[in-house]
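A short worksheet on the structure shown next.
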Amino acid sequence: DDREATKEAMATLGLQKVLYELTNRYCCKDGSYRWFEWRAVPVGNIIYAAARDITDRKQAEERLKERLEFEQLLSVVSTRFVAAPAERIDQEINEAMQRICEHLNIDLAVLWQLIETNPQFFTLTHLYRSLEGPPVPEKTNAKDLFPWCLKQISTGNIIIVPSTEDMPED
């Protein structure tokens with residue numbers, strides 16, 4: 001993807017003009033890519049150039065961009081919930097689940113509700129699935145399937161799991 005910009009930069013140097021900034025990627029032996037930022041000065045047939053590895057900065061920028069996009073999505077979804085009449089809440093939940101799945105590039109989202117009369121069980125309230133898959137049970141034993149979540153809910157904690165690596169085994 002960076003070849004055209006690199007060719008243009010080389011043409012600029014060929015015209016004996018200083019290159020103040022060129023950013024491009026290089027493929028490593030392991031298949032990963034590293035980002036480099038270049039500055040170069042042509043002097044006759046010689047080009048003096050310096051590059052620095054900005055991979056970490058590019059990755060941090062991408063993570064920040066993704067987080068901001070997700071927070072924007074959550075803001076839009078929240079606003080829609082606040083403004084929705086009661087009869088549209090289920091539809092808003094379904095649309096929100098679909099938008100969040102599409103944003104996060106995941107195939108399945110399930111919303112369970114703890115059954116008040118038997119707080120060891122969850123009942124399925126909403127489901128979004130982009131691909132076919134096995135059926136999701138209408139009712140499930142929370143104690144067996146989600147013991148960590150059940151413990152958090154029973155103590156009144158809000159469950160926030162920042163990444164899949166932070167999720168408990170269950």
Side-chain angles (χ1 to χ4, degrees), residues 1-6 22-37 53-170:
D1 293 340
D2 304 327
R3 286 184 180 150
E4 203 54 46
T6 302
L22 168 67
T23 303
N24 60 11
R25 292 166 288 183
Y26 290 85
C27 185
C28 301
K29 285 182 182 180
D30 66 2
S32 66
Y33 282 86
R34 305 292 299 177
W35 286 90
F36 287 89
E37 183 177 73
D53 186 336
I54 60 166
T55 304
D56 292 342
R57 183 181 86 196
K58 283 290 204 179
Q59 290 171 343
E61 287 171 356
E62 186 60 29
R63 284 190 306 270
L64 178 61
K65 178 183 169 216
E66 288 171 0
R67 182 175 181 126
L68 289 173
E69 287 172 355
F70 187 66
E71 287 179 6
Q72 222 173 6
L73 172 61
L74 291 179
S75 176
V76 168
V77 166
S78 298
T79 302
R80 291 184 61 148
F81 279 122
V82 169
E87 64 272 6
R88 283 196 37 88
I89 292 296
D90 283 332
Q91 183 178 347
E92 291 294 337
I93 290 171
N94 290 332
E95 289 175 13
M97 289 172 68
Q98 179 178 351
R99 291 180 73 181
I100 290 169
C101 283
E102 288 170 353
H103 180 84
L104 297 175
N105 196 28
I106 57 177
D107 302 323
L108 175 69
V110 181
L111 187 59
W112 299 88
Q113 182 176 3
L114 201 59
I115 299 174
E116 288 183 38
T117 56
N118 191 349
Q120 288 191 353
F121 287 91
F122 285 136
T123 186
L124 178 67
T125 62
H126 296 83
L127 172 107
Y128 170 77
R129 174 180 265 155
S130 63
L131 301 172
E132 288 296 317
V136 177
E138 293 288 322
K139 183 178 173 184
T140 187
N141 186 328
K143 189 175 181 181
D144 293 340
L145 197 55
F146 306 110
W148 180 83
C149 291
L150 186 60
K151 181 180 177 190
Q152 300 304 308
I153 292 168
S154 66
T155 58
N157 291 334
I158 296 173
I159 302 171
I160 299 174
V161 184
S163 73
T164 54
E165 291 83 31
D166 297 328
M167 293 180 75
E169 295 245 350
D170 62 313

Would you check if [X] and [Y] make a side-chain contact, meaning some heavy-atom pair closer than 4.5 Å?
X: Q98; Y: N94; result: no
X: T125; Y: D90; result: no
X: F36; Y: L22; result: no
X: R57; Y: E37; result: yes
X: L108; Y: L127; result: yes

- Message: Looking at R25, is its backbone amide N or carbonyl O close enough to the side chain of D2 to form a donor-acceptor pair, meaning the two atoms are under 3.5 Å apart?
- Response: yes
- Message: Salt bridge or not between R67 and E71? Use side-chain N to carboxylate O under 4.0 Å.
- Response: yes
- Message: Under a 4.0 Å threshold between the charged nitrogen and the carboxylate oxygen, would E61 count as salt-bridged to K65?
- Response: no
Separation of [Y] [atom2] from [X] [atom1] (nearest 0.5 Å):
X: S130; Y: N105; atom1: OG; atom2: CG; value: 8.5 Å
X: D107; Y: R129; atom1: CG; atom2: CZ; value: 9.5 Å
X: L68; Y: F70; atom1: CG; atom2: CZ; value: 12.5 Å
X: E4; Y: N24; atom1: CD; atom2: CG; value: 13.0 Å
X: I93; Y: H126; atom1: CD1; atom2: NE2; value: 4.0 Å
X: N141; Y: F121; atom1: CG; atom2: CZ; value: 4.5 Å

- Task: Might you point out which heavy atoms bring C28 and R34 nearest each other, and give the distance in Å?
- Result: SG-CG, 3.2 Å
- Item | D56: partners by salt bridge (charged side-chain N to carboxylate O under 4.0 Å, His left out), with sequence neighbours left out | none
- Message: Atom CD of residue position Q72 - does it have more than 12 heavy atoms of other residues, nucleotides or ligands inside 6.0 Å?
- Response: no
- Results of side chain to side chain donor-acceptor pair (under 3.5 Å) for E95 - residues two or more places apart only: R80, Q91
- Message: Check the orientation of F122 and W112. Use parallel for under 30°, tilted for 30 to 60°, and perpendicular for over 60°.
- Response: tilted
